[in-house]
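Protein chains get the first letters and strands the later ones, always in sequence-line order, with residue 1 at the start of each. The basis for the numbers below is simple: all heavy atoms, side chains too, and nothing from hydrogens, waters or symmetry mates.
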2 protein chains.
Amino acid sequence: MNPTHSKRERLTAAAATLVHQKGFSNTTLADVAEMAKLPLGGIYYYFKTKDALAEAVTERRVSDIDALLEKLDRLPTPQARLKALVNVWAEDREIDALYGCPIGSLCYELAKGRGPLSTVASRLFTHLLAWSEAQFGLAGFTRKQAKTHALHLISALQGISLVANALGDSDAILSETRFLTGWLDTLSRTQKNGGHA
Amino acid sequence: MNPTHSKRERLTAAAATLVHQKGFSNTTLADVAEMAKLPLGGIYYYFKTKDALAEAVTERRVSDIDALLEKLDRLPTPQARLKALVNVWAEDREIDALYGCPIGSLCYELAKGRGPLSTVASRLFTHLLAWSEAQFGLAGFTRKQAKTHALHLISALQGISLVANALGDSDAILSETRFLTGWLDTLSRTQKNGGHA
DNA sequence: GTCTATATGGAGATAGAC
DNA sequence: GTCTATCTCCATATAGAC
């Protein structure tokens, strides 16, 4: 509605895309302005500094995660939800092999040197981990087991994105997501009271 | 011996440390010169460009990996070697939680945008994966299983480094390395002809 | 609110004395 | 081979007209 919000939205969207593809340091405000079809100086009405733009991009990623998890919450069982999360990586394998996971690569870059920004970035993982941990809990695992399994799952997804990106090989992601799906199945079978949400 | 090599060595060592701590983009040649106790201009006698320095850092990491794997090769069984690899991450957990895995964070950064440099960086993972795959093969797995397991292992180690770095939590690395060690034990037990190198 | 023009600083890279 | 001084470019950021 408000044209102000529309431009701000275009800026964060353009920045999110460019940061994913080229990294934050390699992305110039001129790049962002061009993709958002705004003059360079126009950015500063919406964002005082480049770091403020990075923060907006991070917030946007947090929203993406929250929206995804809400969608997954509609599935009937925790096992189905966890497998659906894994499946998101399988579906995004081509773009992740090209540019890495948008969350992981952002966190890794923002963690270097910048104090305040890295704090915001860490929220991306606390959300994912808390949700996964909750699912494992609902599936009947103890709190400790749920925590360990959630950490393993999210780490594996982040790691395969990084490795596949380094190798430029999207099939690696497919291999690992199949492995993780199998692991989740095995866990369900091992459980006594297997997964009634 | 040659004082030239000594300075070149000091430069790559300083660059490797700084790139790990602050990232490649955030590291200036002035930083490197200062840490290596050389004047800024002196760098250009050894490295024509900043990218050439990045390449030297990457080569250095490749050497580190090769030396590590050679050391692990002296262990009696493939299971012992794989568990020892995991243990390296457990031992390095404090520094990895602070700055991320030196290999993974370097690859992620160099993969963004730079064509030629990312190729060199990918060698870091091809070495690690080939070695791990060989160990799983020696442990009695089929080629396909060995490939899958190697990818899972290296991904998990990379992923936990990334997540622990984002959270600033070295205990996360400890949790995951314990999990992986347990997984390797389970694999051995599942195998019929368990692991005679 | 939006745009143009410009200031400022910093980082990579070079020239050239020694 | 080594060091000092400097150049140039470019990216962030600002000033100020409209």
Side-chain angles (χ1 to χ4, degrees), chain A residues 1-58 106 109-110 112-118 120, chain B residues 1-59 106 109-110 112-118 120-121:
Chain A
M1 301 204 178
N2 192 329
T4 287
H5 286 164
S6 147
K7 289 193 183 178
R8 194 190 160 91
E9 169 64 19
R10 260 157 55 206
L11 281 169
T12 56
T17 301
L18 288 167
V19 167
H20 184 201
Q21 293 178 352
K22 319 200 320 172
F24 178 66
S25 312
N26 299 326
T27 297
T28 70
L29 293 176
D31 290 337
V32 177
E34 187 188 1
M35 181 176 274
K37 280 183 277 196
L38 277 181
L40 171 58
I43 295 183
Y44 290 91
Y45 178 75
Y46 301 96
F47 303 97
K48 292 196 206 308
T49 67
K50 193 189 179 187
D51 275 20
L53 187 55
E55 197 175 330
V57 169
T58 308
L106 181 65
E109 188 170 6
L110 295 186
K112 304 261 179 191
R114 310 161 183 281
L117 266 180
S118 60
V120 183
Chain B
M1 302 207 179
N2 192 329
T4 288
H5 287 164
S6 148
K7 290 194 182 174
R8 193 190 161 91
E9 170 64 20
R10 261 158 55 207
L11 281 169
T12 56
T17 302
L18 288 168
V19 167
H20 185 201
Q21 293 178 352
K22 320 199 321 172
F24 178 67
S25 311
N26 299 327
T27 297
T28 70
L29 293 176
D31 290 337
V32 176
E34 187 188 1
M35 180 175 276
K37 281 182 274 194
L38 277 182
L40 171 58
I43 295 183
Y44 289 91
Y45 178 74
Y46 301 96
F47 302 98
K48 294 197 205 308
T49 67
K50 192 188 180 190
D51 276 20
L53 187 56
E55 198 175 329
V57 169
T58 309
E59 299 288 358
L106 180 64
E109 188 170 8
L110 294 187
K112 304 261 180 191
R114 311 165 181 279
L117 267 179
S118 59
V120 184

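In the set C:dT2, D:dC3, D:dT12, D:dT12 carries the atom at the smallest distance from any side-chain atom of A:Thr28. The listed nucleotides are D:dA11, D:dC3, D:dT2; the one nearest the side chain of B:Tyr46 is D:dT2.
As a whole-Å value, the separation of A:Leu38 CG from D:dT12 P is 15 Å. Rounded to whole Å, the distance from CG on A:Leu18 to P on D:dA11 is 13 Å. As rounded to whole Å, 14 Å separates atom C1' of C:dA13 from atom CG of B:Leu53. In this structure, A:Leu11 atom CG and C:dT2 atom C1' are separated by 12 Å, rounded to whole Å. Atom pair B:Asn26:CG and C:dG12:P shows a separation of 11 Å (rounding to whole Å applied). In this structure, B:Ile43 places its CD1 atom 10 Å from C1' of C:dG12, rounding to the nearest Å.
The cationic group of A:Lys112 does not satisfy the cation-pi geometry with A:Phe24, failing either the under 6.0 Å distance to the six-membered ring centre or the 45° limit from the ring axis.
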* For the pair B:Leu11 and B:Val32, evaluate side chain to side chain contact (heavy atoms under 4.5 Å, CB included) and give the outcome as yes or no after the intermediate values. => CA-CA 7 Å; B:Leu11 281 169; B:Val32 176; 3.9 Å; yes
* Check the pair A:Arg8 / A:Tyr45 against side chain to side chain contact (heavy atoms under 4.5 Å, CB included), numbers first and verdict last. => CA-CA 9 Å; A:Arg8 194 190 160 91; A:Tyr45 178 75; over 6 Å; no
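When the salt bridge (Lys or Arg N to Asp or Glu O under 4.0 Å) test is applied to A:Lys22, the partners found at least two apart in sequence or on another chain are A:Asp31.
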Show the distances under 3.5 angstrom between N or O atoms of the protein and N or O atoms of nucleotides 13-16 of chain D.
residue : atom : partner : partner atom : Å
D:dA13  : OP2  : A:Lys50 : N            : 2.8
D:dA13  : N7   : A:Tyr44 : OH           : 3.4

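Between A:Lys7 and C:dT2 there is a side-chain polar atom (N or O) within less than 4.0 angstrom of OP1 or OP2. Under 4.0 angstrom from either OP1 or OP2 of C:dG1 there lies at least one side-chain N or O belonging to A:Tyr45.
With hydrogens and angles disregarded, no donor-acceptor distance shorter than 3.5 Å links the side chain of A:Glu55 to the backbone of A:Val120.
A:Glu34 CD: 12 or fewer foreign heavy atoms inside a 6.0 Å radius.
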